2 protein chains.
Amino acid sequence: MLVPVEKPQSKREGLRRETLALILATAERIFADHGFKGATMQAIADGANLPKANLHYYFPTKQDLYRQVVERIFNIWLDAAESFDTQANPEQALGTYIRKKMEISRSHPYGSKVWANEVIHGAPIIHDYLETTLTEWTDSRIEVIARWASEGLIDPVNPRHLLYMIWSTTQHYADFSHQIATLNNGVPFNDAQWAQATECVTNIILKGIGVKRDAPS
Amino acid sequence: MLVPVEKPQSKREGLRRETLALILATAERIFADHGFKGATMQAIADGANLPKANLHYYFPTKQDLYRQVVERIFNIWLDAAESFDTQANPEQALGTYIRKKMEISRSHPYGSKVWANEVIHGAPIIHDYLETTLTEWTDSRIEVIARWASEGLIDPVNPRHLLYMIWSTTQHYADFSHQIATLNNGVPFNDAQWAQATECVTNIILKGIGVKRDAPS
DNA sequence: CGTCAACCTGACCAATTGGTCAAAAGAATT
DNA sequence: AATTCTTTTGACCAATTGGTCAGGTTGACG
């Protein structure tokens with residue numbers, strides 16, 4: 001899904017990519033902090049040290065820019081789910097998936113917030129993504145989880161709700177980072193706290209659905 | 001926390017309350033669908049069938065109106081946690097709390113969305129609430145959960161992460177209702193689906209933290 | 001009925017903001 | 001060096017929007 005980065009062909013080409021990346025990163029932050037309407041092209045331009053008119057050269061409209069920001073985090077999430085295919089047993093597959101999702105919450109908090117924002121408001125811009133890509137993706141994972149249940153490897157839970165629980169719990173650490181930091185004496189999680197959160201979330205969910213852990217050392 | 005409703009003293013008084021309630025309900029919906037900046041006083045006025053100037057008579061500024069909407073859902077959530085005090089054992093206390101939170105997600109989806117929106121954007125308006133009321137409330141519940149753990153009634157989980165999991169999972173059904181509906185053939189949950197979601201969430205979490213169920217029939 | 005306060009409302013304004021445009025500057029190519 | 005295409009930029013505009021205000025209406029109360 002994520003295309004490999006190719007070498008720039010020329011000075012122009014390289015500069016163009018840098019500028020695009022800078023704009024997207026800045027826009028992600030501004031959109032996350034202020035919402036679609038609250039974010040202004042001027043603020044994004046200032047954040048990227050560009051004149052506003054230059055922004056419109058690369059992204060003709062605010063919506064174009066926004067859409068690319070949303071698509072980016074979506075694809076990152078999709079990639080994180082390869083563990084469903086590569087890992088054989090539920091403990092490995094789900095454990096890896098949850099841990100990856102937690103990592104993404106830490107490394108891409110702004111993207112997660114933009115997505116949350118978009119969906120909360122009824123997904124006006126990326127509605128088609130939900131109906132096509134997300135639906136197909138979800139159905140395929142549900143099938144895998146349902147198979148585990150039918151084979152007795154996990155409790156007979158509704159796969160949909162399991163997925164929702166994984167999504168909501170992991171993304172909460174990104175989307176509600178401000179609330180979490182406030183309840184953490186006003187400072188964001190450090191390495192150890194992130195590790196503990198990841199372990200805690202993974203344990204509760206895996207135990208909650210009764211995964212049969214093979215090779216209990 | 002929620003003050004009991006008193007009888008209106010006069011025609012004026014009664015009408016005033018109706019108008020206030022209508023404005024708050026409409027504003028909650030508009031703010032949830034469009035965010036603080038995206039919601040316009042004109043849209044709220046139209047939704048409540050009032051002239052915009054009349055809105056400013058009751059709520060001098062947009063921020064005043066917004067703050068009251070946010071405070072409302074916050075107080076509803078606080079009230080839902082009385083089960084921590086009234087229920088003796090963890091299974092009852094947490095089970096009741098989770099079920100109540102799910103009910104609120106169904107009955108007050110707009111309020112939940114407004115809160116999520118606010119926190120995602122760094123809680124610019126209700127920052128003080130997080131630092132005072134929410135911090136105190138959380139600390140007191142953490143104490144209760146920690147006691148259960150020390151008494152061996154539940155696994156030794158970090159109470160903070162348990163709370164976050166309950167919050168995120170239950171509120172997800174409100175905040176991401178559009179995504180959930182889309183993945184549900186485009187229609188919102190019906191009664192049976194809400195019941196199943198509630199049961200599923202409750203079971204996984206309670207089992208996940210290893211609650212000792214007394215009187216296993 | 002008369003008075004007063006509360007309530008309602010159309011018209012208006014200043015500030016913000018997404019987007020445009022023409023002209024200049026810079027790179028690539030022949 | 002000349003030409004062409006891409007990129008940059010300041011100035012500008014039309015539309016939106018939070019909030020104001022003066023004047024009118026309505027209910028409460030003596």
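In what follows, chains are A, B, ... by sequence order, proteins preceding strands, each numbered from 1. All values reported here derive from a predicted model rather than from experimental measurement.
Distance, A/Lys62 NZ to C/dG18 P: 4 Å, rounded to whole Å. Between the CD1 atom of B/Ile23 and the P atom of C/dC7 there is a distance of 11 Å, rounded to whole Å. One can place CZ of B/Arg17 at 18 Å from P of D/dG27, the figure rounded to the nearest angstrom. Counting to the nearest Å, the C1' atom of D/dG19 and the CD atom of B/Gln63 are 14 Å from each other. The separation between B/Leu20 atom CG and C/dA6 atom P is 15 Å, rounded to whole Å.
Between B/Tyr57 and the phosphate of C/dC8, there is no side-chain N or O to OP1/OP2 separation shorter than 4.0 Å. Side-chain nitrogen and oxygen atoms of B/Arg16 include at least one within less than 4.0 Å of the OP1 or OP2 phosphate oxygen of C/dC7.
Across every non-hydrogen atom of B/Asp175 and B/Ala116, the tightest pair is OD2-CB, 3.5 Å.
A heavy atom lying under 4.0 Å from DNA chain D marks the following residues of residues 39-56 of chain B, by number: B/Ala39, B/Thr40, B/Met41, B/Lys52, B/Ala53, B/His56.
Taking the ring centroids of A/His121 and B/His178, they lie at or beyond the 6.0 Å cut-off.
Summary of the strand contacts: B/Lys37 and A/Thr19 both lie near DNA chain D, and taking for each the nucleotide with the nearest heavy atom, the more 5' one is attributed to A/Thr19.
Ring pair B/Trp137/B/Trp167 is tilted by interplanar angle, where 30° to 60° counts as tilted. Note on ring orientation: taking the six-membered ring where Trp is involved, the planes of A/Tyr97 and A/Phe84 are perpendicular (angle over 60°, cut-offs 30° and 60°). The aromatic rings of A/Trp194 and A/Tyr173 lie tilted to each other, with the angle between the two planes from 30° to 60°.
Across all strands, B/Tyr58 comes closer than 4.0 Å only to sugar-phosphate atoms, never to a base (heavy-atom distances).
The side chain of A/Thr61 lies closest to C/dG19 when the candidates are C/dT17, D/dT8, C/dG19.
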Atom pairs and distances, side-chain donor-acceptor, residues 34-42 of chain A, under 3.5 Å, sequence neighbours left out:
residue	atom	partner	partner atom	Å
A/Thr40	OG1	A/Ala43	N	2.9
A/Gln42	NE2	A/Asp46	OD1	3.1

